[in-house]
Amino acid sequence: MIFSSLAEKLQDTLAKLRGKGKLSEDDVKAALKEVKMALLEADVNYKIVKDFVKKIEERAVGKEVMESLTPAQQVIKIVNEELQNLMGGTQSELNISSKPPTIIMMVGLQGSGKTTSAGKLARILSNKGKQPLLAAADVYRPAAIRQLQVLGERLDIPVFSMGDKKDPVDIAKGSLSYASSHNCDTIILDTAGRLHIDEEMMEELKLVKTAVEPDEILLVVDAMTGQDAVNVADNFDKKLNIDGIVLTKTDGDARGGAALSIKAVTGKPIKFVGTGEKLADLEQFHPDRMASRILGMGDVLSLIEKAEKSIDKKKAAELEEKLRKNEFTLEDFLDQMDQVRNMGPMDQLLGMMPGMSGSKQLKNMQVDEKQLDHIEAIINSMTPEERRNPSVINGSRRKRIAQGSGTNIQEVNRLLKQFKQTKKMMKQLNSGKLGKGGFKMPFFG
Amino acid sequence: MNFFQRLKNGLKKTQKGLVDRVSSIFSGRSGIDDDLFEELEEVLIQADVGVKTTFALIENLKEDVENEDIKEPEVLMDYFHKELKKLLQDEEGGIGLDDKLNIIMVVGVNGAGKTTTIAKIAGRFKEQGKRVMLAAGDTFRAGAIEQLQIWGDRLGINVISQQEGSDAAAVAYDAVQAAKAREMDLLIIDTAGRLHTQKNLMEELKKVKRIIDAQAAENNASVEVLLVLDATTGQNAISQAKIFNDAVKVDGIVLTKLDGTAKGGIVVAVKNELNIPIKLIGVGEAAEDLQDFNPEEFIKALFSAE
């Protein structure tokens, strides 16, 4: 996941400091050198890294810090603060016009993901009760209009197009009258990808901007972008005065340093992040939460929000009761698993838990969603009695369950064993005796 | 305009960034000191050469200074060029066709420029009088099939396709059959862009490759896998190359979008860390802007003064 590897490196470095009672200037410098390398390896721009490290060094090597009772904690606090400064503030909302329609214009390099993001954004707005219109102003890339139309069909959101022979300025203007005659209150204008140094093409965007005065210009940036991110963002911002950033493809293993660079150079907030292939995979971005995720403090707020969205409160209360009485059955487990899976991919959820975001275990742990399918199939192949009381499952039942679920006896055995362990763990949790080894996720050893 | 000029034009931005700064580091100072190496580190990292490769390069240079007792910065600049060349040297760019059916499978992450690259390669061989066919193996992204179809129409080249959402392996199978039946020289198979970290999609890609390999063996065809990398990409390109290579064994790299301000230093890192040859580079929108990668010219264009 984005930032996780950066998070891991920073946490390792800071953990080394934490173990020290007294700090020398050299300790701090050595740690900062590692911080610098971690940021550079994450593709944060060199100049920004240099400034960042210098700022921390100036603050950290001072007398108050070094002679304080807990110098390591102080240094960590300073890194934390500076990192939050770098990522910038709390979450920023889209600018909504008081006089509809609100016009949102998507701009960016070729291949950054403008069209897909336009579709995803339309979905979010539509879920919030808006009436979005997608407008196809990319008249250059073959089939770009078609791509937007297909997205519109899938989302059941109207798409305005005038073909690929018209000027983007005319298309933008045309979308305005279409929106008012079709009761659309938000226009998302997809533009062609272009190089930030292509004067002619940048001029075209300026003309579109002047013609329809968008309320929000979003620069779409690929999270895998390297050092060049600052040039791209700076150029687009200088020419168009952008309002925010959409960071795409964050579901890969890019470390996402470009995001930090762009924020630092333009001062404009990252408003959305693309987290996957599906149309639902666009999320609002919370810089403060991301900073704490990087520093291993977890992102409990996002986790709670996700949980609130997808967990049935009544069922949760029942479950809690059962857990307390240790009457937790495989049926409950199946229920619980369904609800958790509704929240999103496991590895993303785990990344939000305090202490988990940078953990090596998490990195090496491929949460295989298929494995979860198998578990579901196994439980579904049991009789109600077996689910409530797994101890009745003998050899021949095991065989039947394995056959019924299309798995094998080993997998059935593993599930039963893990369920037993989970129950044991629940018991410990109830009696408040969770071992020092920390919380171990059941079923994903 | 000859190749060299075109390359130089395309790389003009690269040059302005790298050349001027590299020479200004070495000239205009009296001795070799830590500042010099730090400035060099800055330039290399900002060119996306990558942390690992940058530090290896600088270590080598420091050893050169020690071993050869170098005192003048200008002399060290020659060593710098030599060390860089060492990392890129044996590359042979370009794609050659054998006298049978040649299959090129094009892979890469979303938005790297696969489809456009395919169109350019197809156009190049079509112009040489080769019989070329395309296969629309990106059955996932909305509009991807149409995008390739439009290119096919423009170039007068047949495109084998099924509808969106169909099995990419089946498209590949059909395409090899059709290419064989119609006695094609070259079949280029597009694939859906995928992030290399998506395990299931990488498995699907492996399956497509297996089908192609099996069909190629049966029909006496050769198979080449090209990975398209976006020059704007940072160090993630190394991870992309690694994982795609593990999945479908990459025979060559196409580096696209070198006409921006991205420095393209990632080429050095990919070559240094993975030893996958760079075959083609994209320096512009026009068909002839897809060029054979030539390390000599590349470095010369990169470092020669205007």
Side-chain angles (χ1 to χ4, degrees), chain A residues 1 37-38 40-47 49-50 109-116 119 140-154 193 195-198 222-232 235 248-249 251-258 276-277 366 368-370, chain B residues 13 17 41-52 54-55 109-116 119 140-151 153-154 164 193-201 230-237 239-240 243 256-257 259-263 265-266 285:
Chain A
M1 197 197 324
M37 297 298 279
L40 286 178
E41 280 177 346
D43 287 324
V44 182
N45 184 271
Y46 189 89
K47 284 214 172 80
V49 173
K50 224 168 126 181
L109 297 181
Q110 290 97 336
S112 54
K114 284 174 299 302
T115 310
T116 305
Y140 303 99
R141 180 163 58 92
I145 298 173
R146 177 85 195 114
Q147 184 184 355
L148 201 65
Q149 283 167 340
V150 172
L151 293 176
E153 276 164 37
R154 281 190 205 158
L195 282 173
H196 50 291
I197 49 167
D198 187 332
D222 183 330
M224 297 181 284
T225 311
Q227 295 282 320
D228 199 41
V230 289
N231 297 324
V232 175
N235 268 288
T248 60
K249 308 180 204 173
D251 48 328
D253 57 358
R255 300 186 186 172
E277 299 258 333
Q366 281 285 348
D368 191 351
E369 304 273 340
K370 250 195 196 143
Chain B
K13 290 289 160 191
E41 170 192 308
E42 177 172 345
V43 172
L44 288 167
I45 284 179
Q46 289 202 323
D48 281 322
V49 168
V51 176
K52 220 164 132 188
T54 294
F55 282 86
V109 299
N110 319 58
K114 285 179 296 300
T115 310
T116 308
F140 181 82
R141 182 171 62 83
I145 297 169
E146 283 95 334
Q147 186 181 352
L148 198 68
Q149 192 70 58
I150 292 170
W151 277 116
D153 292 346
R154 281 186 196 167
E164 202 181 298
R194 63 201 78 215
L195 290 188
H196 47 295
T197 49
Q198 290 159 333
K199 274 189 103 183
N200 51 341
L201 290 180
D230 180 338
T232 322
T233 310
Q235 296 172 72
N236 192 251
S239 169
Q240 291 172 25
I243 297 176
T256 60
K257 308 187 198 176
D259 46 337
T261 43
K263 311 288 194 292
I266 205 65
E285 300 267 339

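Heavy-atom basis, side chains included; hydrogens, waters and symmetry copies ignored. Quantities reported herein were computed from a predicted structural model and do not represent experimental measurements. Every chain is numbered from 1 and lettered A, B, ... according to where its sequence line falls, protein lines coming before strand lines.
Chosen from A:G226, A:A144, A:G119, the residue pairing most often with chain B at heavy-atom distances under 4.5 Å is A:G226. Ranked by heavy-atom pairs under 4.5 Å with chain A, the list B:R154, B:H196, B:R194, B:K52 is led by B:H196.
The backbone N or O of A:L40 sits less than 3.5 Å from a side-chain atom of B:Q235, completing a donor-acceptor pair.
By the 4.5 Å heavy-atom criterion applied to side chains, A:Q147 and B:Q147 are not counted as neighbours. Under the 4.5 Å side-chain criterion, counting only non-hydrogen atoms from C-beta, B:L201 is in contact with A:E277. The shortest distance between side-chain heavy atoms of B:N110 and A:D222 does not fall below 4.5 Å. With contacts defined as side-chain heavy-atom distances shorter than 4.5 Å, the pair A:V150/B:E164 qualifies.
Contact annotation for B:F140: both backbone and side-chain heavy atoms come within less than 4.5 Å of a heavy atom of chain A. Only the side chain of A:N45 comes within contact range of chain B, with at least one heavy atom under 4.5 Å from a heavy atom of that chain. Residue contact with chain A, scored on non-hydrogen atoms closer than 4.5 Å, is absent for B:L148. For B:Q149, no part lies near chain A; criterion is any non-hydrogen pair under 4.5 Å. Residue B:K257 touches chain A through its side chain alone, counting heavy-atom pairs closer than 4.5 Å. For a residue to count as touching a neighbouring chain, one of its non-hydrogen atoms must lie under 4.5 Å from one of that chain's; by this rule A:L109 touches chain B with the side chain only.
To the nearest 0.5 Å, atoms CG (B:N236) and CD (A:E41) are separated by 13.0 Å. Atom OG1 in B:T232 sits 8.5 Å away from atom CD in A:Q110 (nearest 0.5 Å). Note that the CD atom of B:E285 and the CG atom of A:D198 stand 7.5 Å from one another [nearest 0.5 Å]. Note that the OH atom of A:Y46 and the CD atom of B:Q46 stand 8.0 Å from one another [nearest 0.5 Å].
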Test side-chain contact (heavy atoms from CB on, under 4.5 Å) on B:L195 and A:M224 and set out the steps. CA-CA 10 Å; B:L195 290 188; A:M224 297 181 284; 3.9 Å; yes

Take B:D48 and A:D43 through the side-chain contact (heavy atoms from CB on, under 4.5 Å) test and state the conclusion after the steps. CA-CA 8 Å; B:D48 281 322; A:D43 287 324; 4.3 Å; yes

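A side-chain N or O of B:S239 and one of A:D253 form a donor-acceptor pair less than 3.5 Å apart.
Considering all non-hydrogen atoms of both residues, A:I197 and B:D259 come closest at CD1-O, 3.4 Å. The heavy-atom pair separating A:A143 from B:G143 by the smallest distance is CB-O, 3.4 Å. Of all heavy-atom pairs between B:Q198 and A:D251, the closest is NE2-OD2, 3.3 Å.
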